[in-house]
Structure formats: C-alpha cells, structure tokens
2 protein chains.
Amino acid sequence: MTSPEPPTPFPGRDAGPKIDQQLHALADPTRRAVYDIVRTGPSSVSAVAARLPVSQPAVSQHLRVLSDARLVTATPRGARRIYRADPAGLADLRRWIDQLWDDVLDAYVQAATGAEPEEER
Amino acid sequence: MTSPEPPTPFPGRDAGPKIDQQLHALADPTRRAVYDIVRTGPSSVSAVAARLPVSQPAVSQHLRVLSDARLVTATPRGARRIYRADPAGLADLRRWIDQLWDDVLDAYVQAATGAEPEEER
DNA sequence: AGCTTTCATAAGTCTAGACTTATCTAAGTG
DNA sequence: CACTTAGATAAGTCTAGACTTATGAAAGCT
C-alpha cells in the first residue's frame with residue numbers, strides 16, 4: 001500500500017474546547033492548590049484565600065477558571081459562595097486520558113509485535 | 001467536635017514535578033497536536049513540522065518539553081531522530097487522574113450521603 | 001438606617017513561554 | 001572532498017495570563 005498522499009497537511013483533530021480548558025486549568029500549580037482545597041471540603045472563597053499565599057481576587061480568578069472548566073461548582077450561601085468539586089467535569093478529563101492511554105498502549109504493543117510501519121519520513 | 005485549629009496555613013500537597021510537567025506539556029494545543037502526530041506513528045521532527053503550521057525549531061522545542069515530561073522518547077536513526085509516544089509517562093498521568101477521580105467521587109457521595117460537614121467558614 | 005463582610009470585577013504590572021529567524025553541528029550523498 | 005539534509009540551540013519578539021491594588025455590589029449584622 002503506502003498511499004501516495006502528501007504528508008497529510010494537518011491533523012485538525014483537537015481535544016475539544018472542554019478538555020482544553022480542563023488541562024489548562026489543572027496545569028497551574030496555584031490553581032491546583034485551590035482545587036485541592038475545594039475538593040477536600042466545600043469552601044468559601046475567603047476560606048481558600050486564608051490557606052494560600054495569594055490574594056482573595058487571585059483565588060476568585062482561579063475559581064472562575066475552574067468553574068468555566070466545569071471542575072467546580074458554586075452555591076450561594078448568604079453572602080458567601082460555597083465552592084465544591086464537580087465530579088462530572090473531572091469525569092470528562094478522565095475519559096479523555098483513558099482513551100488516550102488505550103490508543104497509546106495499542107500503538108505501542110502493535111509496534112512491538114511484528115508489524116512495524118516505522119517512521120514516516 | 002469542630003477542632004479549634006487555625007485555618008490550616010497551607011496544604012503543601014503538590015502533584016509532584018513530573019505530573020506538573022505532564023499537565024503543562026499537554027495544556028498547549030500546538031504541543032498536543034505534535035503529540036497526536038507522534039503517538040499515531042513514530043515521526044521525525046521534519047515530518048511533524050511538515051504537517052503543522054509552525055516552524056521546525058518550534059516543533060523541536062515542543063518535543064523537548066514532551067520529552068522532559070517523559071511523554072515521548074527519541075531514537076536516533078541516522079541523521080534523523082524518530083520520536084514516539086512513551087506509554088510509561090502517560091501511565092503516570094493516568095494514575096494521577098484516576099486517584100484524583102477516586103478522591104473526588106468519594107467526597108461527593110460522602111457529602112450526598114447523610115454526613116455533611118458542609119463548608120468550613 | 002449605617003457598618004461590616006464577602007466576593008466579583010476592573011485596571012495595571014510583570015514574567016513565562018510560544019513563536020520567529022539565524023546559526024552550528026552531525027550525518028548522509030554526489 | 002564539497003553539498004545537502006536534519007535537528008538542536010541561541011537570541012529576540014510578543015502575547016497570554018498570573019498576580020497585585022482598588023473599587024463596587026450584595027448580603028448580613030446592630
């Protein structure tokens with residue numbers, strides 16, 4: 001075989017905007033710390049800020065990113081807003097990673113076992 | 001109960017440098033595209049660059065980040081360097097997410113079921 | 001009604017990092 | 001050998017985004 005196509009100009013396959021947001025959200029250490037606090041136990045913004053060496057607005061901004069990524073949800077409780085982890089959002093990311101893992105492992109064993117198409121240029 | 005401790009000054013728990021590198025590596029869309037090409041089939045640097053709208057040095061730099069994060073490995077093949085996905089690196093990230101998922105789901109059902117310690121201030 | 005608390009948002013700063021072009025080395029090819 | 005090809009690295013630019021302080025809007029408290 002070895003189709004005579006040009007180098008396939010562009011894969012175009014993307015992880016989708018949601019996965020992109022979630023990876024971006026968890027890539028920052030401070031934001032991960034915010035998430036760790038919130039997921040351990042539901043917390044208000046100021047309660048999170050009290051445990052981290054950053055300002056309250058910084059925490060609000062991190063929680064906004066986590067909320068947009070569907071990794072946390074907010075529930076108004078009087079003047080406070082209680083943030084908690086949203087399992088549904090994390091489930092999406094987990095599915096994505098699992099799929100990736102299956103693909104990678106599959107390609108790996110297939111390369112190790114007999115058939116090796118090797119590199120493509 | 002309600003322990004009389006101060007707000008627990010800092011969690012200090014971090015995902016570790018390796019997970020941090022891997023999340024950071026996969027958080028960039030272009031780098032994810034590089035990874036997608038390489039994981040689909042082992043490729044040289046120029047083969048990757050030919051399929052993406054970025055320069056060859058950009059691809060080299062992305063592959064460096066992916067390599068440092070143990071997500072890809074390089075094998076010299078003459079003047080070329082063949083890059084392929086490293087399952088071991090991805091396994092680390094997958095384990096981390098799975099652990100996170102277990103924790104989050106656990107906290108969620110525990111909050112839903114009876115015992116609700118609610119927010120902590 | 002004021003005064004306080006809680007939080008989001010606005011606006012500005014400053015650094016990380018995603019790109020570029022310009023090399024330099026190493027390995028193949030005539 | 002000269003010449004090309006492959007890729008890494010250096011150096012510089014420019015934007016995203018992680019912070020800050022300042023302020024405004026709700027909600028509770030006395």
Side-chain angles (χ1 to χ4, degrees), chain A residues 7 10 14-15 17 20-38 42-69 71-84 118-121, chain B residues 7 10 14-15 17 20-38 42-69 71-84 118-121:
Chain A
F10 204 95
D14 198 11
D20 183 76
Q21 281 180 306
Q22 293 174 338
L23 285 171
H24 172 253
L26 291 179
D28 181 75
T30 302
R31 198 152 45 224
R32 239 166 18 232
V34 170
Y35 182 67
D36 275 341
I37 293 176
V38 161
S43 298
S44 67
V45 176
S46 51
V48 174
R51 303 177 64 182
L52 292 177
V54 293
S55 64
Q56 171 265 310
V59 172
S60 278
Q61 289 158 16
H62 284 305
L63 285 168
R64 180 95 153 88
V65 173
L66 289 167
S67 177
D68 287 347
L71 288 170
V72 303
T73 58
T75 313
R77 166 75 67 107
R80 315 238 176 101
R81 308 197 63 192
I82 306 303
Y83 283 89
R84 30 173 62 79
E118 279 306 304
E119 90 283 354
E120 44 169 283
R121 180 169 287 258
Chain B
F10 204 95
D14 198 12
D20 184 76
Q21 281 180 306
Q22 292 173 341
L23 286 171
H24 172 254
L26 292 178
D28 181 75
T30 303
R31 198 151 46 223
R32 233 158 32 224
V34 170
Y35 181 68
D36 275 342
I37 293 176
V38 160
S43 299
S44 66
V45 175
S46 50
V48 174
R51 303 176 64 182
L52 292 176
V54 292
S55 64
Q56 171 265 310
V59 172
S60 279
Q61 288 157 16
H62 284 306
L63 284 168
R64 181 95 151 87
V65 173
L66 289 167
S67 178
D68 287 348
L71 288 171
V72 303
T73 58
T75 313
R77 166 76 67 106
R80 314 241 176 98
R81 310 197 62 193
I82 307 304
Y83 284 88
R84 28 172 65 78
E118 276 307 302
E119 91 283 354
E120 45 169 281
R121 179 167 286 261

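Lettering of chains follows the sequences in order, A, B, ..., and the numbering in each one begins at 1.
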**Study point:** B:Gln21 CD to B:Ser67 OG distance, which is reported to the nearest 0.5 Å
**Key:** 10.0 Å
**Study point:** Approximate separation, where rounding is to 0.5 Å, of B:Arg81 CZ and B:Leu63 CG
**Key:** 9.5 Å
Point to revise | Whole-Å gap separating C1' (D:dA8) and CG (B:Leu63) | key: 11 Å
Review point. For A:His62 and D:dG17, is the shortest distance between a side-chain N/O and OP1 or OP2 below 4.0 Å?
Key: no
Exercise for review: Using a 4.0 Å heavy-atom cut-off across all strands, classify A:Val54 as base, sugar-phosphate, or nothing.
Suggested key: sugar-phosphate
Exercise for review: Check every atom of D:dT9, D:dA18, C:dA10 against the side chain of A:Pro57 and return the nucleotide holding the closest atom.
Suggested key: C:dA10
Review point. C:dT6 C1' sits how many Å from A:Arg77 CZ, rounded?
Key: 15 Å
Exercise for review: Take atom CZ of A:Arg80 and atom C1' of D:dA25, then tell me their distance rounded to the nearest Å.
Suggested key: 17 Å
Review point. How many Å lie between CG on B:Asp28 and P on D:dG17, as a whole number?
Key: 10 Å
Practice item. Considering just the side-chain nitrogens and oxygens of A:Arg81, establish if one lies under 4.0 Å of OP1 or OP2 belonging to C:dA8. Key: yes
Practice item. Name the nucleic acid region contacted by A:Pro76, choosing base, sugar-phosphate or nothing; use a 4.0 angstrom heavy-atom cut-off, strictly under. Key: nothing
**Study point:** Between C1' of C:dT6 and CZ of A:Arg64, the distance in whole Å
**Key:** 17 Å
Check your understanding: Is any side-chain nitrogen or oxygen of B:Ser46 closer than 4.0 Å to OP1 or OP2 of D:dG7?
Key -> yes
Review point. Distance check: side-chain N/O of B:Tyr83 vs OP1/OP2 of D:dA6, anything under 4.0 Å?
Key: no
Review point. Is there a donor on the side chain of B:Gln56 or the base of D:dA6 sitting less than 3.5 Å from an acceptor on the other?
Key: no
Review point. Think A:Ser55 has a side-chain N or O under 4.0 angstrom from the OP1 or OP2 of D:dC19?
Key: no
Review point. What integer distance in Å separates A:Ile82:CD1 from C:dT5:C1'?
Key: 14 Å
Check your understanding: Short question: side chain of A:Gln22, backbone of A:Ala69 - any donor-acceptor pair under 3.5 Å?
Key -> yes
Check your understanding: Would you say A:Ser60 reaches C:dT9's phosphate, i.e. side-chain N/O to OP1/OP2 under 4.0 Å?
Key -> no
Check your understanding: Looking only at side-chain N and O atoms, does A:Thr30 come under 4.0 Å of OP1 or OP2 in D:dC19?
Key -> yes
Review point. Which residue lies toward the 5' end of DNA chain D, A:Ala79 or A:Gln61, if each is placed at its nearest nucleotide?
Key: A:Gln61
**Study point:** N-O pairing of A:Asp36 and A:Arg32 below 4.0 Å
**Key:** no
Practice item. Specify the separation, in whole Å, of atom CG of A:Asp68 and atom P of D:dG17. Key: 12 Å
Check your understanding: Do any side-chain nitrogens or oxygens of A:His24 fall under 4.0 Å of OP1 or OP2 in D:dG17?
Key -> yes
Review point. Going through the checks in order, is the side-chain contact (heavy atoms from CB on, under 4.5 Å) test met by A:Val48 and A:Tyr83?
Key: CA-CA 10 Å; A:Val48 174; A:Tyr83 283 89; over 6 Å; no
